[in-house]
Amino acid sequence: MAWSFCGKVQLGGLILSLLGWVCSCATTVLPQWKTLNLELNEMETWIMGLWEVCVNQEAIATVCKAFESFLSLPQELQVSRILMVASHGLGLLGLLLSVFGSECFQFHRIGWVFKRRLCLLGGTLEASASATTLFPVSWVAYATIQDFWDDSVPEIVPRWEFGDALYLGWAAGIFLALGGLLLMSSACLRKEDVLSPRMPGPTAPSSCAPAEESDGSFYLTPRPRNLFI
């Protein structure tokens, strides 16, 4: 099947949205949101995520412990849990709607106008998923910077730093935003493709059809002659 330009834009948007959704899910599960290295014991590293805190000992193993209470977490981690889970739902729903509205999905009961609306709605949901991913990741990064440069904490106390999951979350938000933008753009391109074949329709009989081939010219010309007989 030959892909049109609109179909290629849709395919690129779907691939970016799927990649962003997978990265967003991985960001939520990974515990490397914050890392802490102890100067007294360089072989031991603490990592903290949304669901658990772990101690990585290179010579032994990694021991993790889940948070016992949601309310005991810092405010940025509480909000991040809710928004990241919401991002997964929005991203998955946007992907499903965009697939049903894409060119590759053919179903005789779904018209082109309805498919364009599905693609537009799917792109909007992907953009919303991008916002709900970037906001919690950026908030945790901001809180980490504030705690790192807090003058009230003695310098000898170890500070939390950025973990690898934050960078993955930023990448996921960018992929979701680009995917949603491409899907919404493809909906606008499809609108032009659908409307363009209908524009010449009303003008075709008067401008393209010859006069002798139309039924009106055969039956209208003899009638004025009968009036003079």
Side-chain angles (χ1 to χ4, degrees), residues 9-38 42-58 61-67 70 72-99 122-150 158-185:
V9 173
Q10 286 178 350
L11 182 61
L14 288 173
I15 293 175
L16 287 175
S17 299
L18 179 60
L19 181 60
W21 183 77
V22 172
C23 292
S24 178
C25 294
T27 302
T28 307
V29 176
L30 289 176
Q32 288 89 357
W33 282 62
K34 294 181 179 182
T35 61
L36 187 147
N37 295 321
L38 299 177
E42 297 181 356
M43 303 293 293
E44 185 175 283
T45 303
W46 289 71
I47 53 179
M48 179 186 293
L50 299 180
W51 312 96
E52 59 186 1
V53 60
C54 301
V55 181
N56 183 14
Q57 297 176 348
E58 296 182 3
T62 300
V63 180
C64 297
K65 181 180 180 181
F67 296 117
F70 173 77
S72 63
L73 295 175
Q75 186 178 10
E76 65 271 12
L77 294 183
Q78 293 179 3
V79 177
S80 296
R81 275 192 184 185
I82 298 173
L83 291 182
M84 292 301 292
V85 173
S87 174
H88 301 162
L90 292 174
L92 182 59
L93 182 59
L95 277 173
L96 294 177
L97 293 178
S98 300
V99 168
T124 304
L125 291 177
E126 293 301 328
S128 302
S130 172
T132 53
T133 300
L134 291 175
F135 180 77
V137 172
S138 301
W139 191 6
V140 172
Y142 174 76
T144 304
I145 295 175
Q146 292 293 106
D147 295 339
F148 186 87
W149 296 108
D150 191 358
R159 312 294 178 95
W160 290 99
E161 299 183 9
F162 290 173
D164 296 335
L166 294 183
Y167 301 102
L168 184 61
W170 280 319
I174 293 174
F175 288 147
L176 288 171
L178 292 177
L181 182 61
L182 288 179
L183 290 173
M184 288 186 287
S185 300

Side chain to side chain contact (heavy atoms under 4.5 Å, CB included) partners of Leu16, counting only residues at least two apart: Phe175, Leu178, Leu182
Could you go through residues 17-29 and list every donor-acceptor pair under 3.5 Å that involves a side-chain atom there, pairing it with any protein atom two or more places apart or in another chain?
from: Ser17; atom 1: OG; to: Gly13; atom 2: O; distance (Å): 2.7
from: Trp21; atom 1: NE1; to: His88; atom 2: O; distance (Å): 3.0
from: Thr27; atom 1: OG1; to: Cys23; atom 2: O; distance (Å): 2.7
from: Thr27; atom 1: OG1; to: Gly169; atom 2: N; distance (Å): 3.3
from: Thr28; atom 1: OG1; to: Ser24; atom 2: O; distance (Å): 3.0
from: Thr28; atom 1: OG1; to: His88; atom 2: NE2; distance (Å): 2.9

- prompt: Above 12 or not: heavy atoms from other molecules or residues under 6.0 Å from CD of Gln146?
  reply: yes
- request: Under the side-chain contact (heavy atoms from CB on, under 4.5 Å) rule, what do Trp33 and Val137 come out as? Steps first, then yes or no, please.
  value: CA-CA 9 Å; Trp33 282 62; Val137 172; 4.0 Å; yes
- line: Residues at least two apart in sequence or cross-chain that pass side chain to side chain contact (heavy atoms under 4.5 Å, CB included) with Leu93, listed by chain then number, are Leu97, Leu125
Under the side chain to side chain contact (heavy atoms under 4.5 Å, CB included) test, residues paired with Thr35 that sit two or more places apart: Ile47, Glu161
- request: Sequence neighbours left out, what passes ring pair (Phe, Tyr, Trp, His ring centres under 6.0 Å) with Phe135? Give chain and number order.
  value: Trp139
Whether Glu126 side chain and Leu95 backbone form a donor-acceptor pair below 3.5 Å: yes
message: Looking at every non-hydrogen atom in both residues, tell me the closest pair between Leu183 and Ser98 and how far apart they are.
response: CD1-OG, 3.2 Å
task: Go through the structure and list residues passing side chain to side chain donor-acceptor pair (under 3.5 Å) with Trp46, not counting sequence neighbours.
output: Glu44
message: Using the side chain to side chain contact (heavy atoms under 4.5 Å, CB included) criterion, which residues pair with Ile145? Sequence neighbours excluded.
response: Trp149, Phe162
message: For a quick test of reading the model, state the closest non-hydrogen atom pair linking Leu77 to Met48 and the distance between them.
response: CD1-SD, 3.9 Å
- line: Given the options Ser80, Ser128, Ser87, Thr133 meets side chain to side chain donor-acceptor pair (under 3.5 Å) only with Ser87
- prompt: What are the two closest heavy atoms between Phe67 and Gly49, and how far apart are they?
  reply: CE1-O, 3.4 Å
task: Of all the heavy-atom pairs spanning Leu50 and Met84, show the shortest one and how long it is.
output: CD1-CG, 4.1 Å
query: Of all heavy-atom pairs between Ser130 and Gly173, which one has the smallest distance, and what is that distance?
result: OG-O, 2.7 Å
- request: Flag the pair Asp147 / Arg159 as yes when at least one side-chain heavy-atom distance between them is below 4.5 Å, and no otherwise.
  value: no
message: Please report the interatomic distance OG1(Thr144) to CG(Leu166), rounded to the nearest 0.5 Å.
response: 6.5 Å
- prompt: Which pairs, with at least one residue in residues 168-180 and sequence neighbours excluded, count as a side-chain hydrogen bond (donor to acceptor under 3.5 Å, both in side chains)?
  reply: Ser138-Trp170
- request: Give every residue pair that meets the salt bridge (Lys or Arg N to Asp or Glu O under 4.0 Å) criterion with at least one member in residues 23-38, sequence neighbours excluded.
  value: Lys34-Glu76
Minimum heavy-atom distance Gln78-Ser72, with the two atoms named: NE2-N, 4.4 Å
